[in-house]
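I have placed the structure first, in the form of structure tokens, so that the comments after it can refer back to it.
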Amino acid sequence: MSSSVFNLYKQNNEEDPSVMTFQPNPTVPGSLEHIARSTVQIPNAEQWTMKSRSGHHDYQIMVFKPAEPPPPSGYPVIYLLDANSVFGTMVEAIRVQGRRPEKTGAVPAIVVGIGYPIKGPFSPHRYYDFTPQATTEYTTKSDGTPLPEQGGADEFLRFIEEELKPDMEQQFRIDRDRQAIFGHSLGGLFVIHALFTKPEAFRYYIAGSPSLHWNQKVMQAEEQEFVARLEQHPVNVRVWIGMGEQEKIHPARNNDKASTLTERLSALKQPGLDIAYTEFEEENHVSVLPFLISRTMRFACSPES
């Protein structure tokens with residue numbers, strides 16, 4: 001910024017005379033109103049609207065492609081739910097960490113964000129897309145308003161598998177053996193649902209603060225069926241569930257549900273099923289998101305041995 005608009009001076013502070021601050025220069029004409037401005041954009045990212053074949057609603061697809069060339073096998077890819085809220089956070093983590101894999105433990109990866117054509121961070125359509133069935137435990141949201149339509153998780157998973165993935169694989173060099181899915185809250189519930197019902201869809205499953213209090217009976221039945229199939233249909237997946245420590249105070253007790261789910265699946269000692277649980281100290285349901293995203297880089301995008 002021009003030094004003619006602002007002067008730098010030493011603040012008269014007896015306790016800390018080294019403190020510096022900026023003071024407008026009243027003798028020079030001009031103000032910030034005359035400075036040219038432009039929209040901040042995410043490099044190497046684009047978006048478009050995509051309608052599912054079911055026609056239930058449209059999706060805003062946001063894609064980031066690394067500037068670095070792809071490895072011979074193609075880029076790892078992260079399919080990101082609720083992209084309107086966290087696409088930028090995920091992309092910046094990859095842009096920064098992917099530059100020095102030998103230092104950060106994360107290689108460059110493609111991010112495919114699945115959002116909605118809205119201006120806000122969350123769409124009510126997520127209730128339909130992320131839930132296996134309409135809940136019988138709840139009738140209203142936390143603000144007292146009626147719950148939106150629910151129960152479209154299987155339809156949403158088909159959209160990802162049969163429509164979105166083929167489109168991405170036509171446009172970008174993607175390593176099919178290094179596909180990850182990241183979801184938070186109800187999105188985390190969907191990640192666990194996808195693991196139980198179609199474990200071959202992804203190699204890495206990242207469920208952040210999953211809403212395991214939702215559809216509890218349905219999810220218990222899905223878990224039992226998943227475990228029963230393991231002997232005949234082995235899997236090759238890595239699963240990570242992360243929660244904020246402060247979520248323990250919520251009556252849903254999802255921290256307990258997540259940790260005991262991890263214990264049950266770990267106790268199976270099933271080859272090809274690697275599951276871990278992490279609780280982030282002093283973080284809550286929302287503040288935990290940047291920590292989950294940063295750790296996802298090393299979990300799903302580590303350099304191949």
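Numbering of residues begins at 1 and proceeds along the displayed sequence. Both backbone and side-chain heavy atoms feed into the values below; hydrogens, waters and symmetry mates do not.
- A distance of 13.0 Å separates OH of Y116 from OG1 of T49, quoted to the nearest 0.5 Å.
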Inset, instruction - Start with the C-alpha distance between E283 and F291, add both sets of side-chain angles, then the distance that settles side chain to side chain contact (heavy atoms under 4.5 Å, CB included), and finish with yes or no. - result: CA-CA 9 Å; E283 302 303 331; F291 296 90; 3.3 Å; yes

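- Annotation: the span from Q246 atom CD to E281 atom CD amounts to 10.0 Å, rounded to 0.5 Å.
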Inset, instruction - Please report the C-alpha distance between H233 and E200 in whole Å, then the side-chain angles of each, then the deciding distance to 0.1 Å, and finally whether the side chain to side chain contact (heavy atoms under 4.5 Å, CB included) criterion is met. - result: CA-CA 10 Å; H233 303 282; E200 69 276 12; over 6 Å; no

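- Using a 4.5 Å cut-off on side-chain heavy atoms (C-beta onward), M297 and R295 make no contact.
- A salt bridge between R158 and E163 is absent, with no side-chain N of the basic residue lying under 4.0 Å from a carboxylate O of the acidic one.
- Between the CZ atom in F87 and the CE atom in M90 there is a gap of 10.0 Å [rounded to 0.5 Å].
- With contacts defined as side-chain heavy-atom distances shorter than 4.5 Å, the pair M243/Y277 qualifies.
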Legend entry - From CA spacing to verdict: side chain to side chain donor-acceptor pair (under 3.5 Å), H285, S185: CA-CA 8 Å; H285 187 68; S185 196; 2.9 Å; yes

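- With sequence neighbours excluded, no residue satisfies ring-ring contact (aromatic ring centres under 6.0 Å, His included) with F64.
- Taking the six-membered ring where tryptophan is involved, the planes of F299 and Y204 are perpendicular, since the angle between them exceeds 60° and thus also 30°.
- Between F182 and V191, every side-chain heavy-atom pair lies at or beyond the 4.5 Å cut-off.
- The aromatic rings of F226 and F196 sit tilted, their planes meeting at an angle between 30° and 60°.
- With a 4.5 Å cut-off on side-chain heavy atoms, Y79 and F202 count as touching.
- A donor atom on one side chain and an acceptor atom on the other are not found under 3.5 Å apart for T197 and E225.
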Legend entry - Criterion side chain to side chain contact (heavy atoms under 4.5 Å, CB included) on I78 and V112, from CA distance to verdict: CA-CA 6 Å; I78 300 173; V112 179; over 6 Å; no

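- With a 4.5 Å cut-off on side-chain heavy atoms, E46 and K65 do not count as touching.
- The closest side-chain donor-acceptor pair between T135 and N215, if any, does not fall under 3.5 angstrom.
- Taking a cutoff of 4.0 Å between a charged side-chain nitrogen and a carboxylate oxygen, R229 and E231 do not qualify as a salt bridge.
- Between the side chains of T278 and W240, at least one donor N or O sits under 3.5 Å from an acceptor N or O.
- Looking at R126 and D82, a side-chain N of the basic residue comes within less than 4.0 Å of a carboxylate O on the acidic one, giving a salt bridge.
- Note on ring orientation: taking the six-membered ring where Trp is involved, the planes of F156 and F159 are parallel (angle under 30°, cut-offs 30° and 60°).
- Here the side chains of E92 and T89 are not in contact, with every heavy-atom distance at 4.5 Å or above.
- A side-chain donor-acceptor contact under 3.5 Å links E247 and S209.
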Inset, instruction - In sequence, state the C-alpha distance, the side-chain angles, and the governing distance for Y127 and H125, and then conclude on side chain to side chain donor-acceptor pair (under 3.5 Å). - result: CA-CA 5 Å; Y127 282 87; H125 291 317; over 6 Å; no

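- The OG1 atom of T131 sits 11.0 Å away from atom CE of M219, with the distance rounded to the nearest 0.5 Å.
- A distance of 4.5 Å separates CD1 in I241 from CD1 in I275, rounded to the nearest 0.5 Å.
- Counting heavy atoms from C-beta outward, E68 and V107 have side chains that stay 4.5 Å or more apart.
- For the residue pair N84 / Q60, no side-chain donor-acceptor distance below 3.5 Å is found, with atom types taken as modelled.
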Legend entry - Verdict with reasoning, F130 to W214, per ring-ring contact (aromatic ring centres under 6.0 Å, His included): CA-CA 10 Å; F130 300 163; W214 213 271; over 10 Å; no

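- The line from CG of L81 to CD1 of I206 is 10.0 Å long, rounded to the nearest 0.5 Å.
- Checking R203, E169, M168 one by one against Q179, the side-chain contact (heavy atoms from CB on, under 4.5 Å) holds for a single residue, E169.
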Inset, instruction - Assess whether side chain to side chain contact (heavy atoms under 4.5 Å, CB included) is satisfied between D274 and V239, documenting all intermediate values. - result: CA-CA 6 Å; D274 179 16; V239 185; over 6 Å; no

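- Counting heavy atoms from C-beta on, the side chains of I110 and V63 come closer than 4.5 Å.
- Smallest separation of non-hydrogen atoms from L292 and G242: CD2-CA, 3.6 Å.
- A side-chain N or O of H57 and one of D129 form a donor-acceptor pair less than 3.5 Å apart.
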